[in-house]
Amino acid sequence: MEYKFTDIEKNCKDFWKKENIYKVDIDTTKPKFYVLDMFPYPSGAGLHVGHPLGYVASDIYARYKRLKGFNVLHPMGYDAFGLPAEQYAIETGTHPAITTDTAIKRYREQMDKIGFSFDWSREVKTCDPNYYKWTQWIFLKLFNSWYNREKNKAEPIETLISGFETYGCTTGWKQFDPQLHPEFSAEDWKSFSKKQQERILQFYRLAYRSYTEVNWCEALGCVLANDEVKDGKSERGGYPVTRKRMRQWSLRITEYADRLLDGLNTIDWSESLKDQQRNWIGRSEGALLQFHVPGAEFLLEVFTTRIDTLFGATFLVVAPEHEYMQQLITDEQRPAMEEYLAYVGSRSDIERQQEKAVTGCFTGSYAEHPFTGIKIPIWTAEYVLAGYGTGAIMAVPADDERDRKFAEKFGLTVIEIIDKTMYEGATIEDKLGKMINSDFLNGMEVKDAIEEMIKRVEEMNIGKRQVNYKLRDASYSRQRYWGEPFPIKYEVQGDTDSPFVIEDDQDEADIPVGLDESQLPVELPQVESYKPSGDGRSPLATNADWVAKNLETDTMPGYAGSSWYYFRYMDPQNNTAFAGKEAVDYWQNVDVYFGGSEHAVGHLLYSRFWHKVLFDLGYAPTEEPFKKLVNQGMIQGVSSVVYRVNGTKIFLSKGIIDKVLNSTIYNISEVVDQVNLQLGYQAFDGQGNTTVAAAKVPMEEAAAAGMTLLNHTIKNISALNIDISFVSNDELDINEFRRWRNDYADAELVLDNGKYICGSAVEKMSKSKYNVVNPDDVIAQYGADCFRMFEMFLGPIEQSKPWDDKGISGVSNFLKRFWRLFYDDKGWRVTEEAATPAELKVLHKTLKKIGEDIEKLNLNTSVSAFMIATNELTALKTNKRAVLEPLLIALAPFAPFATEWLWGENGFKNQGSIHQTAFPQFDEKYLTESEFDYPVSINGKVRAQVKLSLDMDAQEVEKHILGLEQVTRWTNSATPKKFVFVKGRIINVVV
RNA sequence: GCGGGCGUGGCGAAAUUGGCAGACGCACUAGACUUAGGAUCUAGCGCCGCAAGGCAUGGGGGUUCAAGUCCCUCCGCCCGCACCA
């Protein structure tokens with residue numbers, strides 16, 4: 001019987017569905033295992049072969065763990081809120097829910113073809129009110145919690161309120177920060193209006209509203225989080241992003257900076273990913289130092305990691321946007337400063353980053369050096385960022401590259417303060433050297449000097465130890481329609497006269513109030529237009545009913561729904577909790593998480609943050625959501641390109657391009673001669689103007705007409721992507737090509753040996769590059785099992801690699817050969833005979849290897865192991881069930897369809913599914929032979945093979961080796977000096 | 001500049017963690033069967049050499065009986081961050 005995957009796949013799918021074999025429930029008799037994939041955003045384009053790579057790997061792993069006796073949770077769902085559906089809605093008026101629904105159906109169809117073992121009864125969609133009810137619920141928890149730095153955990157806001165009621169908020173309390181609000185007593189607190197109290201609470205809530213500098217994307221009409229901005233452009237769409245001051249919801253992720261850092265040491269993620277998170281959090285230890293500015297009412301604070309270099313600080317630099325800038329500018333310097341500030345304002349972030357020009361201007365003011373009393377000038381410069389530290393630095397040109405450049409350009413004083421002569425090659429970051437010209441620090445090592453200086457400034461009360469982070473609170477408002485509404489309404493309050501004038505707070509007369517849990521979900525209403533209003537308000541602001549209820553009109557960002565979805569899978573139907581306690585206690589957290597590294601500082605950081613909050617509040621049983629993380633690589637597309645001579649319809653075959661670009665041929669006529677063809681070309685009139693556009697003119701005629709072939713004609717070529725379906729083995733199907741575009745119908749193709757050969761390029765799979773390979777097509781041609789195994793066979797899972805449709809035949813052949821172990825021309829050939837030692841050795845060797853490989857997720861080598869086993873068993877003509885059955889089970893995670901079918905066939909257990917059996921154990925005893933060949937090295941080179949047997953003792957082994965002809969030949973001596981033993985066996989003879 | 005990763009045939013890649021380098025697959029070559037082959041089977045396939053043998057894991061050096069693997073150094077590639085004080 002032939003291997004007919006189409007029939008097999010259909011039958012298996014029906015069987016699995018009927019028997020519901022992938023349904024999973026809490027089972028306390030088995031250990032749990034949670035295998036999760038990052039759920040996809042259902043885009044209209046459907047899946048390409050790159051998307052399922054991680055899903056296939058996780059499915060193999062999940063199926064394997066199931067066979068190993070674990071109760072495996074392996075769910076799938078959709079991250080369904082997001083910009084593309086909304087952009088589409090703006091353009092077409094189609095409700096995003098409809099677009100999303102269509103896309104989800106398509107995704108589901110495609111995934112079903114691949115044979116995943118997802119428990120679809122646990123499917124989640126973030127845009128489903130039954131789901132986002134709990135996203136809103138968690139938001140309320142964030143809103144109604146604060147971070148207690150003494151206990152180092154989040155607590156309900158009530159504990160803070162009762163603290164205020166009892167003690168007030170004064171300098172005695174560790175968390176009091178006079179920069180946020182003035183102190184108040186318990187009596188003060190009680191006398192405050194609700195609004196006044198709320199203003200203060202906003203400084204502590206984990207979800208809060210405040211004015212912040214946000215990344216504003218005009219084209220999207222929306223605010224973006226830092227991780228959604230790449231190189232000054234929006235990650236989605238690539239539109240320019242500017243900075244804008246807006247009142248926004250934010251999440252106080254910064255309180256968790258240290259715990260997010262420390263947690264990294266407890267989880268099994270790749271170093272590069274952990275480093276990305278570390279880098280993003282950007283913890284740096286240093287000190288805060290205040291400078292007295294004579295005549296000013298304020299102290300100028302700087303942050304430095306090198307307070308030891310204070311005696312080398314010869315000027316200060318403040319960011320152009322610094323809050324005290326106006327006070328620092330003297331009348332004398334005002335014209336120059338205004339000019340400079342205007343210049344800085346005119347430069348975009350991208351310009352600032354790209355041309356790191358040394359620019360700056362003197363403010364006119366001076367600060368006093370705290371120890372020497374010397375007047376040190378205060379400058380402003382672009383290279384000091386308002387958003388980091390205090391927005392001001394003390395410049396030490398002797399020990400800092402940028403400060404030195406700045407000092408050189410503007411002729412500022414340089415004082416050498418560190419003698420590094422004894423540490424050759426040490427960099428500034430190494431913090432090595434001896435202090436000089438530094439008064440009481442002289443002679444100290446840098447590291448000691450830092451400690452000493454901190455001690456001194458703390459004593460003088462002008463500075464303190466300080467840890468600084470790059471991490472900012474996460475922007476949480478989006479002025480969009482297609483997202484979760486906030487469970488927040490505004491209560492109108494009459495008073496605007498707070499005793500605390502807290503920056504530009506006065507314009508908000510209303511106070512945000514969290515809705516009651518019982519009012520959830522707050523469902524997304526219908527709106528007439530999905531367009532952002534343009535004035536920074538969301539489409540919801542156009543819904544009269546919504547506005548009348550005073551509900552928040554912004555929606556939550558894309559990462560809201562994805563920050564906790566792994567919990568919902570544990571108990572997706574629950575109406576009284578985000579997931580029931582029983583389910584959460586049983587499933588705990590994700591054991592292995594598969595997904596792309598593009599979420600390194602977005603989703604993966606936010607999830608960890610949310611998880612820690614839920615942990616603090618007692619809802620999560622663990623500190624971390626994802627124990628192990630596997631970053632699957634991307635499968636790239638292999639695009640085909642044709643080479644078009646610019647401004648013509650002439651297309652040159654690759655061979656011709658290569659000849660021209662790689663060789664000595666620069667004259668187009670030589671090329672034409674070589675390929676024995678006429679070529680259209682441009683000619684010019686002798687005055688340098690091109691007068692004749694591409695024309696197919698025989699060379700002689702052209703010469704007679706006085707036209708000259710131009711070298712640049714052939715050099716001036718564009719590579720154009722064309723649909724990869726027109727190309728096979730790099731050869732272009734010319735007819736298809738001509739039919740593709742009207743423009744190409746009359747293209748002139750310059751061939752190479754009668755063929756048009758295309759170039760190729762490896763790039764991201766995308767519609768616009770015409771290089772998308774649809775898994776449906778691959779499955780139709782080779783079957784789902786082959787597709788799955790080939791994706792794994794392509795290379796290590798973490799690695800990015802191009803899709804190579806040629807290689808797939810190898811896996812296809814393997815499956816056919818494997819099939820023929822069970823069926824030949826005459827039919828079923830499996831017998832009940834006892835297996836031979838040789839057969840058992842193949843079996844157990846393979847089982848061992850497969851088990852180890854899957855555990856380590858070396859899925860490419862495990863596919864190889866199956867190929868080797870099949871080759872060897874084919875050579876042995878094996879037809880014993882004792883060998884084939886265990887091998888079949890081992891293959892089941894990889895090829896679920898073919899194995900299920902064979903399992904249900906003649907002679908095999910005719911009941912149940914192969915996917916509910918047990919993974920076969922290997923037995924070491926079949927692997928060791930009593931006799932074996934061992935390589936004998938002589939002075940490190942393998943010179944001979946010797947047949948040894950297990951019962952030989954060392955002396956006998958020695959005798960065998962010395963008896964070898966090669967040994968006497970190579971040693972020139974009958975008595976070698978030494979035998980080298982490895983694992984009890986002699987493997988080398990040293991002369 | 002800083003941090004992380006990597007460099008092995010024509011190609012994708014293996015290599016028990018220091019122990020027969022190139023498993024497995026693609027491509028290629030030859031042969032068999034065939035009306036045919038984008039089917040199947042057999043054999044070959046790093047380089048030099050008729051062979052014996054020698055040389056080979058980016059280059060150079062070192063440790064070791066033994067190095068793709070460990071150490072030093074140089075070169076090259078990929079990813080992330082980047083005026084972070």
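Note that this is a predicted model, so its numbers are computed, not measured. Here is the naming used below: chain letters follow the sequence lines, and residue numbers restart at 1 for every chain.
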For B/rC81, the Watson-Crick or wobble partner whose two distances fall under 3.5 Å: B/rG1
B/rA36: pairing nucleotide in any strand, Watson-Crick or G-U under 3.5 angstrom: none
Paired nucleotide for B/rG68 [Watson-Crick or G-U wobble; both distances under 3.5 Å]: none
Pairing partner of B/rG76 (Watson-Crick or G-U wobble, both distances under 3.5 Å): B/rC6
Sugar-phosphate, base or nothing in reach of A/R283, heavy atoms under 4.0 Å: nothing
Among B/rG4, B/rA85, B/rA15, the nucleotide that comes nearest once only the side chain of A/T305 is considered: B/rA85
Position toward the 5' end of RNA chain B (nearest nucleotide), A/T874 or A/N279: A/T874
Parallel, tilted or perpendicular: rings of A/F291 and A/H369 (30°, 60°): perpendicular
Sugar-phosphate, base or nothing in reach of A/Q799, heavy atoms under 4.0 Å: sugar-phosphate
B/rU42 pairs with, by Watson-Crick or G-U criteria that keep both distances under 3.5 Å: B/rA30
Pairing nucleotide - B/rA15, Watson-Crick or G-U, each distance under 3.5 Å: none
Under 3.5 Å side-chain donor-acceptor pair for A/S639 and A/N771: yes
A/T363 side chain near A/Y340 side chain, heavy-atom distance below 4.5 Å: no
Chi-based syn or anti call at B/rG9, which uses purine or pyrimidine torsion atoms and a 90° bound: syn
Nearest-Å distance for atom pair CD/C1', residues A/Q636 and B/rC78: 11 Å
Touch class at under 4.0 angstrom, heavy-atom based, for A/P796 against every strand present: sugar-phosphate
Sugar-phosphate, base or nothing in reach of A/N468, heavy atoms under 4.0 Å: nothing
Touch class at under 4.0 angstrom, heavy-atom based, for A/N860 against every strand present: sugar-phosphate
Geometric class of the A/F406/A/W379 ring pair [parallel <30°, tilted 30-60°, perpendicular >60°]: perpendicular
Listed nucleotide nearest any side-chain atom of A/Q781, set B/rC26, B/rG38, B/rC83: B/rG38
For B/rU35, glycosidic torsion class - syn if within 90° of 0, otherwise anti: anti
Side-chain donor-acceptor pair present, A/K274, A/N265, cut-off under 3.5 Å: no
Sugar-phosphate only, base, or nothing, as touched by A/D804 at under 4.0 Å among non-hydrogen atoms: nothing
Pairwise C1' distance for B/rU57 and B/rA23, with rounding to whole Å: 15 Å
Sugar-phosphate, base or nothing in reach of A/S864, heavy atoms under 4.0 Å: base
Atom pair distance, as rounded to whole Å: CD1 in A/I808 and P in B/rG38: 19 Å
